[in-house]
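One structure is given below, encoded as structure tokens.
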Amino acid sequence: MTTEPTHVTNFLRNIVEEDLKSGKHKTIVTRFPPEPNGYLHIGHAKSICLNFGLARDFGGRCHLRFDDTNPVKEETEYIESIKESVSWLGFDWGGHMYYASDYFDQLYMWAEHLISQGKAYVDDLTAEQIREYRGTLTEPGKESPHRNRSVEENLDLFRRMREGEFPEGSKVLRARIDMASPNMNLRDPVMYRIIHAPHPHVGDKWRIYPMYDYAHGQSDAIEGITHSICTLEFEDHRPLYEWFLENLPVPHKPRQYEFSRLNLTYAVMSKRKLLQLVQDGDVAGWDDPRMPTLMGLRRRGYTPESIRSFCERIGVGRSDSWIEMGLLEECVREDLNERAPRAMAVLRPLKLVIENYPEDRVDEFEAANHPQKPEMGTRKISFCREVYIEQDDFMEEPVKGFHRLALGQEVRLRNAYIVKCTDVVKDAAGNVTEVRCTYDPDTHTGGPAAGRKVKGTIHWVSARHALAAEVRLYDRLFADPNPSGDDWKSCLNSKSVEVVTAMLEPGLRNAAPEERVQFERQGYFCADMKDSRPGAPVFNRTVTLRDSWSKPGK
RNA sequence: UGGGGUGUCGCCAAGCGGUAAGGCAAUGGACUCUGACUCCAUUAUUCCGAGGUUCGAAUCCUCGCACCCCAGCCA
């Protein structure tokens, strides 16, 4: 299990602290209960960090439980990805991995118990009729004509439902509570429905499957969960959660608490929308580096530490909130600034020729892998007469405040010499295709004029030694901070990815998958875990560096 | 117009009757062979609004207002 430096307090920590202090619980047990119907996303990370973090910090434990009550939506593939994501994030369920479907037998017996107490009944109404009978927000519902069947008849019908005697949709088991309740969840909620489909975890044993409301609290009870933490939309379900616990001989009474779910600007978080992006081909898959899924963020280059730090900083509360994407980005920068070695890479190359530098000469310079961390060592970089610089680092006619290279101006080539632009070469269309310079031989690091100050320093890569490689420049998936409404897809950022052939320092040739590096003055990059190969690396841009010059404001 | 929630700086968020933490962003400055990093400074006489209780209120009471969730045999 990971250790976190500090944590801000929140209302759930306070509750746990009090429960422990008062002796209400001697140890706490939480759980993270994903439904295996999609990949985990950054919103789940908030829940994971909360539940596992509470258990870690208060010496309790946290279960990983698959809420697999609906076999038609759930798949084994998702179970595997969920386990991988939780582990990757840095949490360990320590053998406490369960499935709601593990409890189907117990749940079934308890359902018969409710029936025998006259607290549940089999209803023959159709789905549409049930909806009509439920009433509306302002009008009470009315009771089903089947609501007062005898215990014997209900038991018989329910058993026959289990045996698969009835077609899907023809009958349901309902809790007998109150059709006039102002809380819609209490208007005789469905407990079981008939589904003639095999289950990914328990196979073809069942023809009836429990609903979330009936399964969740009892699963918590079976596992001895003390604090069952979910998101706010389940708040109205709490009376029902408690009703089942009150009316069933459960071994333990867990308590449900709710917190507000994560909303992130420039992103969508609902599994429905994420699935649609995948199915419509707007992204390359659940793990596309632009997706807010944990697998996507991982491929993008986000570290588990940065995501945990993010979850720590956003806090946990009950008010609706929209966290700025900039905060998530700042969290990776902060982490990667510490750990990513530096390298030079030219994303959009422009050739620079040094006229007074001999054709056949090569200089080797020593470059620091991290400006503030000498322990990260140095590397040798080669310099020759022709180098590539960034197109953006040259302006024939510089605007005010531009301290890079311009005609007649000097600039330092990082880790090498100061050069002065003497001429430009253009193509027929007038585009600059080459920059001509002279260099000052005394200005290399350690040279007699090394201390000479010039306005700017730019990165470069030796043309003779450069390694051409694919680099994917990712940006936010959405152009609008709040992609909502029916036309949320129209908010997609058409420039969310640009693939370029960049010129890299040759030392990057054999970058390992997921190796992270800062391309100086550009941003943090990560060798793609799927497509990068030794000798032919492929880098994904995780995030740009902050840039107070161009103020991207994006 | 039923029920359940929430409203503290641009975005989060502490605060729980004793006189508005912190983070991110922003702004100004220092430093700099990354316009990065780091550093220093500035940013709520005010807590959705209006009354009230109190020596004292963001915190208690009353009445409003705004926003979110609930009418799946989804979770």
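Quick note on labels: first sequence line is chain A, next is B, and so on, each numbered from 1.
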Answer with base, sugar-phosphate or nothing: what part of the nucleic acid does Pro34(A) contact at a heavy-atom distance below 4.0 Å? nothing
State, without any angle test, whether Gln522(A) and Glu520(A) hold a side-chain donor-acceptor pair at a distance under 3.5 Å. no
Remember a base hit wins even if backbone is also touched, and classify Val172(A) as base, sugar-phosphate or nothing at under 4.0 Å, heavy atoms. base
Using a heavy-atom cut-off of 4.0 Å across all strands, would you classify Phe365(A) as base, sugar-phosphate, or nothing? nothing
Do Arg147(A) and Arg174(A) have side chains that get closer than 4.5 Å, going by heavy atoms? no
For the residue pair Glu223(A) and His63(A), confirm or rule out a side-chain donor-acceptor distance under 3.5 Å. yes
Using a 4.0 Å heavy-atom cut-off across all strands, classify Leu137(A) as base, sugar-phosphate, or nothing. base
At 4.0 Å (heavy atoms only), tell me whether Lys453(A) reaches a base, stays on the sugar-phosphate, or touches nothing. sugar-phosphate
So does Arg318(A) pair up with Glu235(A), basic N to acidic O under 4.0 Å? yes
Hey, is rG72(B) sitting syn or anti, using the within-90° cutoff around 0? syn
From rA75(B), rG5(B), rG72(B), pick the nucleotide closest to the side chain of Arg134(A)? rG72(B)
Output yes if the stacking criterion (under 5.5 Å between centres, under 30° between planes) is met for Tyr212(A) over the base of rA75(B), else no. no
Across the strands shown, which category fits Ile130(A) at heavy-atom distances under 4.0 angstrom: base, sugar-phosphate, nothing? base
Taking any heavy-atom pair under 4.0 Å as a contact, classify Arg412(A): base, sugar-phosphate, or nothing. base
Base, sugar-phosphate, or nothing: which does Glu324(A) touch, judged by heavy atoms less than 4.0 Å apart? base
Just compare rC73(B), rU34(B), rC12(B) and give me whichever is closest to any side-chain atom of Trp322(A). rC12(B)
Give a yes/no answer on whether the side chain of Arg546(A) brings an N or O atom under 4.0 Å of OP1 or OP2 in rC37(B). yes
RNA chain B: Asp236(A) or Gln522(A), which has the more 5' nearest nucleotide? Asp236(A)
Could you check which of rC74(B), rA25(B), rU34(B) has an atom nearest any side-chain atom of Glu330(A)? rA25(B)
Does any N or O donor sit under 3.5 Å from an N or O acceptor when you compare the side chain of Gln372(A) with the base of rU38(B)? no
For a quick check of understanding: with a heavy-atom distance under 4.0 Å over all strands, which category does Asn70(A) fall into, base, sugar-phosphate or nothing? sugar-phosphate
So Asn415(A), base contact, sugar-phosphate only, or nothing? Heavy-atom distance under 4.0 Å. base
Distance-only donor-acceptor test (3.5 Å): side chain His459(A), base rA36(B): no
Between the main-chain N or O of Leu107(A) and the side-chain N or O of Tyr214(A), is there a donor-acceptor pair closer than 3.5 Å? yes
Got a donor-acceptor pair under 3.5 Å from the side chain of Arg404(A) to the base of rG35(B)? yes
Look at the side chain of Thr445(A) against the base of rC33(B) and say whether a donor-acceptor pair falls under 3.5 Å; ignore hydrogens and angles. yes
Regarding Arg255(A) and Ser228(A), do their side chains bring together a donor and an acceptor under 3.5 Å, going by distance alone? no
So Phe234(A), base contact, sugar-phosphate only, or nothing? Heavy-atom distance under 4.0 Å. base
Taking atom P in both rU19(B) and rA26(B), what distance in whole Å separates the two? 33 Å
Can you figure out which of rG15(B), rC33(B), rG5(B) approaches the side chain of Asn14(A) most closely? rG15(B)
Reckon Thr126(A) touches a base, only the sugar-phosphate, or nothing at all at heavy-atom distances under 4.0 Å? base
Please give the nucleotide sitting opposite rC9(B) as a Watson-Crick or G-U wobble pair, both distances under 3.5 Å, or none. none
Using Watson-Crick or G-U wobble geometry with both distances below 3.5 Å, tell me the partner of rA25(B), or none. none
Closest to the side chain of Arg131(A), out of rA36(B), rA71(B), rG5(B), is rA71(B)
Pairing check on rC74(B): which nucleotide meets the Watson-Crick or G-U wobble criteria with it, both distances under 3.5 Å? none
Minimum-distance nucleotide to Asn10(A) side chain [options: rA14(B), rG5(B), rU34(B)]: rA14(B)
Has the side chain of Asn183(A) got a donor or acceptor that lies under 3.5 Å from a partner of the other kind on the base of rG4(B)? no
If you look at every strand shown and take non-hydrogen atoms under 4.0 Å, does Thr136(A) touch a base, only sugar-phosphate, or nothing? base
Nucleotide opposite rU53(B) in a Watson-Crick or G-U pair, distances under 3.5 Å: none
Side chain of Leu545(A) only, heavy atoms from C-beta on: which candidate in rC12(B), rU34(B), rC24(B) is closest? rU34(B)
May I ask you to say whether Glu366(A) pairs ionically with Lys380(A), meaning some side-chain N is under 4.0 Å from a carboxylate O? yes
Less than 3.5 Å between a donor and an acceptor, one on the side chain of Arg414(A) and one on the base of rU34(B), is that the case here? no
By nearest heavy atom, map His444(A) and Arg193(A) onto RNA chain B; which one lands nearer the 5' end? His444(A)
Looking at every strand, decide which applies to His370(A) at a 4.0 Å heavy-atom threshold: base, sugar-phosphate, or nothing. nothing
Out of Asp335(A), Thr303(A), Asn337(A), which residue meets the side-chain contact (heavy atoms from CB on, under 4.5 Å) rule with Tyr524(A)? Asn337(A)
Report the nucleotide, chosen from rU6(B), rG35(B), rG2(B), that has the shortest atom-to-atom distance to any side-chain atom of Ser319(A). rU6(B)
